[in-house]
Amino acid sequence: LTPKQLSGKKIVMTAGPTFEPIDPVRGITNQSSGQMGYAMARAFAQAGADVVLVSGPVALATPLGVTRVSVQTAEQMRQAVMREIAQAQVFVGVAAVADYRPLEVAEHKLKKTASVDSDGGRTITLTPNPDILAEVASLPAAPYCVGFAAESQNLDDYAEAKRLRKRLPLVIGNLVSDGLGTADNCVTLYDETGRYPLPPLSKPVLARRLVDELAARLNKA
Ligand code: C5P
């Protein structure tokens with residue numbers, strides 16, 4: 001029996017959107033189907049890794065052999081990640097985490113006419129969410145951290161800036177027009193040695209390719 005590529009590795013990852021409540025029936029969220037993250041979780045498990053998938057609300061089945069922790073908010077996602085991260089060799093942040101959440105969450109459903117602004121509008125004050133990936137990457141014994149960058153323009157600049165700012169060994173970037181909610185995705189890898197564009201691939205095929213890319217880098221790290 002030959003050992004698999006990622007045997008003995010614990011991988012903690014996030015996927016899907018977060019949902020930040022405004023009141024018991026409303027909230028703000030990001031557009032994310034979770035397909036890419038779930039495809040990667042499946043590929044990691046098939047490569048022999050012990051995978052903990054911290055997932056926001058998505059309509060997807062948990063891949064075989066993957067331990068899923070379901071959360072709603074960024075803060076819950078952060079806490080679930082921090083509970084698991086000490087034993088992990090790899091962290092992959094695929095989730096589309098909401099950058100902000102409502103400062104106050106109303107206990108009861110807000111009535112349409114209550115406390116509107118003078119112009120008839122309504123103001124929701126937002127407060128920043130924790131950056132889970134940056135926090136994990138700055139831990140004293142940080143695992144190998146992989147980030148995603150989904151941008152609508154200037155992909156190279158933004159992805160490289162993200163890699164440096166969050167101090168990530170590897171960033172996987174795509175233009176949202178190439179991957180959001182679609183079956184295929186076209187990504188470019190950014191690491192300290194350069195940029196590596198991959199051809200358009202279906203998400204399951206791309207996930208397996210990313211396992212190869214990650215395993216090769218872990219062997220060197
Ligand atoms: O800063 P930006 O959201 O564009 O960075 C994207 C990367 O950072 C993704 O890997 C995403 O999962 C992660 N992230 C995070 N926590 C946040 C925001 C983004 O882990 N609050």
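Start at 1 and go down the list; that is how both ligands and their atoms are numbered.
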Please state which option from Lys162, Glu75, Met77 has its nearest heavy atom closest to atom 4 (O) of ligand 1.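 It is Lys162 that holds the nearest heavy atom.
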Can you tell which of Val97, Val94, Leu133, Asp99 gets a heavy atom nearest to atom 17 (C) of ligand 1?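 The nearest heavy atom belongs to Val97.
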Scan side-chain atoms only and decide if [X] and [Y] contain a donor-acceptor pair under the 3.5 Å cut-off.
X      : Y      : result
Thr18  : Glu20  : yes
Thr193 : Asp191 : yes
Ser202 : Asp184 : no
Ser33  : Tyr38  : no

Between Asp212 and Arg209, is there a side-chain N and carboxylate O pair less than 4.0 Å apart?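 Salt bridge: no.
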Output yes when Arg195 and Asp156 qualify as a salt bridge under the 4.0 Å nitrogen-oxygen rule, no when they do not.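 A salt bridge links Arg195 with Asp156.
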Verify, without hydrogens or angle tests, whether Gln76 (side chain) and Thr73 (backbone) share a donor-acceptor contact under 3.5 angstrom.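 Such a contact is found between Gln76 side chain and Thr73 backbone.
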Hey, is [X] one of the residues with a heavy atom under 4.0 angstrom from ligand 1?
X      : value
Ala95  : yes
Lys166 : yes
Pro130 : yes
Asn129 : no

Under 3.5 Å between some N or O of ligand 1 and some N or O of [X]?
X      : answer
Phe148 : yes
Gly93  : yes
Ala98  : no

Would a 4.5 Å heavy-atom cut-off, applied to side chains only, mark Met13 and Phe44 as touching?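 Yes, side chains in contact.
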Taking only heavy atoms of Gly147 into account, list the atoms of ligand 1 that are under 4.0 Å away from them.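 That gives atoms 10 (O) of ligand 1.
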Which protein heavy atom lies closest to atom 16 (N) of ligand 1, and at what distance to 0.1 Å?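 I find the closest protein heavy atom is Ile132 N, 3.0 Å.
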